[in-house]
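Below, chains carry the letters A, B, ... as their sequence lines are ordered, and counting in each starts from 1.
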Amino acid sequence: MKKIKNKKAKTRQKRTVTKRVKTRQASRALVISQISLTPQQKQELATMTPPQFVKERAVRGGKKAKYVEGGYVVARLNQIFGQLNWQFEIMERGETARKLDKAAEGEVWVRGRLTIIDHAKGYKVFKDASGQHPIYPGVPYGDALKSAETDALKKAAARGLGIALDVSWNQLDTEEAGTVDKQPKVAEMTKKDSFELAKKYIQQENDRQILVQVIEKLNVSKLYTQDQKDELKKRIYAKLEKSKNA
Amino acid sequence: MPNSKKVKTPRPYFSYRQFSIVERDPELYREMYFGEGTQYDNEAMEFGRKVHDSIAKGEEAGDVEVDHAKMVLPAYPKQHYDVKAKIPGEITLMGQFDGFDPRKMILADYKTGNTKWSQKMVDGSDQLTFYSYICMMRYKKPLRAIKLHWYSRKTGIVTTFQTTRSKIDMMRLHPRIQKAWNMVLKISEEENKQKNA
């Protein structure tokens, strides 16, 4: 009798577990279908940061870094999600003795949480990030803390939602970023532009091996007409001859 | 410290891209390699990718600017060449060299972004030290020259910078790589735990 009871209990337990798993899977599936942005929100988030909001500041080593102000991020969050549908809270904060510059006494750091709330569907999405700011003598501590909070908010919005990420991403692309090439860009390069630039390039290039490579590339290129190719080759042969004699 | 062999990392190797991201901002690394994986490409990055692809395939892309860049950027016996090397600390480094001449031991890197490159920047580039370290460990001999070819989209002209790296430069980079890799292991361990919970 006992054995049968145990068997029944085990079967019941198995069923309950299966039920729980199924419920969990179902709830997960439900959550996945719920958490989505509207096409308009997606479009807004994918928009590049307008250049007038991108600022520059000097950083260590005489380099410059691009950034957006905290107000821009707040305005974007309000615009995309609405004033009542997001919040930012400080989860943790502390201080370190690290001095980012000589004048600093230390550094304050915070870990903040950006929460996007959908009141209608009842879900929340959290995006955490840390921020820091130096503490300067004579400057209220609250100001340093506020700056660290703004830093954390900007990072959470950038990494979590992509707001103004193109600004920091550009820095990531230009890894050992120095000065930006400020020369005016050749507007929408045409084949004619390319031909003129190639002539200039041949004039400047002194490496014989590279010039020979250009001849090989010209043979298979569809970029230029046959006359243009002949013209460029003529210039290269003249240059090679000149360097040979030299 | 977590063991390299036991922890499953997002990639079985450590690339310069991973190194620079995790060293700069571990949370960004977590987001990029364990998050939803959204890629945010800007126009300059897209152009760079097109040029690299076109050179790797050896075909013209049909885009005048891309094809022009391909025409003026010097070619090498090995293009878009993946090299892996094991370094102390059970770390496998991986480098994707834009150009490489294994006979002459010349490494080339193409730059097509908006950064204005200078000799000083090339001499101090961590990426080139990272690549030199891979070559040193893989081929057991130092690179004779490292060339950085910067294609300016503003002028359509290539400027070439040449540099070298000493063993001391590589030895200085090693602790930074080790520290960054340990961070990758730590993040991976945390993420794997969370995933399995």
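Taking each heavy atom of A/Phe88 and A/Ile90 in turn, the nearest pair found is CE2-CD1, 3.8 Å. Taking all atoms of both residues into account, the shortest heavy-atom contact from A/Leu211 to A/Lys239 is CD1-CG, 3.9 Å. Nearest heavy-atom pair, A/Ala157 versus A/Val73, reported as atom, atom and distance to 0.1 Å: CB-CG1, 3.5 Å.
Of the residues considered (A/Gln209, A/Lys217, A/Lys200), A/Lys217 shows the highest number of contacts with chain B, using heavy-atom pairs under 4.5 Å.
Along residues 72-85 of chain B, the residues that come nearer than 4.5 angstrom to chain A, judged on non-hydrogen atoms, are B/Val72, B/Leu73, B/Pro74, B/Ala75 in order of number.
Remark: B/Thr92 engages no residue in a side-chain hydrogen bond (donor to acceptor under 3.5 Å, both in side chains) (not counting sequence neighbours).
Contact of B/Lys120 with chain A is not made at all, since no heavy-atom distance falls under 4.5 Å. Proximity to chain A (any heavy atom under 4.5 Å) is shown, for B/Asp63, by neither the backbone nor the side chain. No part of A/Phe195 comes within reach of chain B, as not one of its non-hydrogen atoms sits under 4.5 angstrom from that chain. Proximity to chain B (any heavy atom under 4.5 Å) is shown, for A/Glu216, by neither the backbone nor the side chain. For a residue to count as touching a neighbouring chain, one of its non-hydrogen atoms must lie under 4.5 Å from one of that chain's; by this rule A/Gln204 touches chain B with the side chain only. In this structure, chain B has heavy atoms under 4.5 Å from both the backbone and the side chain of A/Leu223.
Under the 3.5 Å distance criterion, with hydrogens and angles disregarded, no donor-acceptor pair is assigned to the side chains of B/Thr9 and B/Arg11.
The aromatic rings of B/Tyr33 and B/Tyr29 sit parallel, their planes meeting at an angle under 30°, below the 60° perpendicular limit. The aromatic rings of B/His174 and B/Tyr133 stand perpendicular to each other, their planes meeting at an angle above 60°, with 30° marking the opposite boundary.
Within a 6.0 Å radius of CZ in A/Arg111, more than 12 heavy atoms belonging to other residues, nucleotides or ligands are found.
Salt bridge annotation for A/Lys199-A/Glu196: present, with a cationic side-chain nitrogen under 4.0 angstrom from a carboxylate oxygen.
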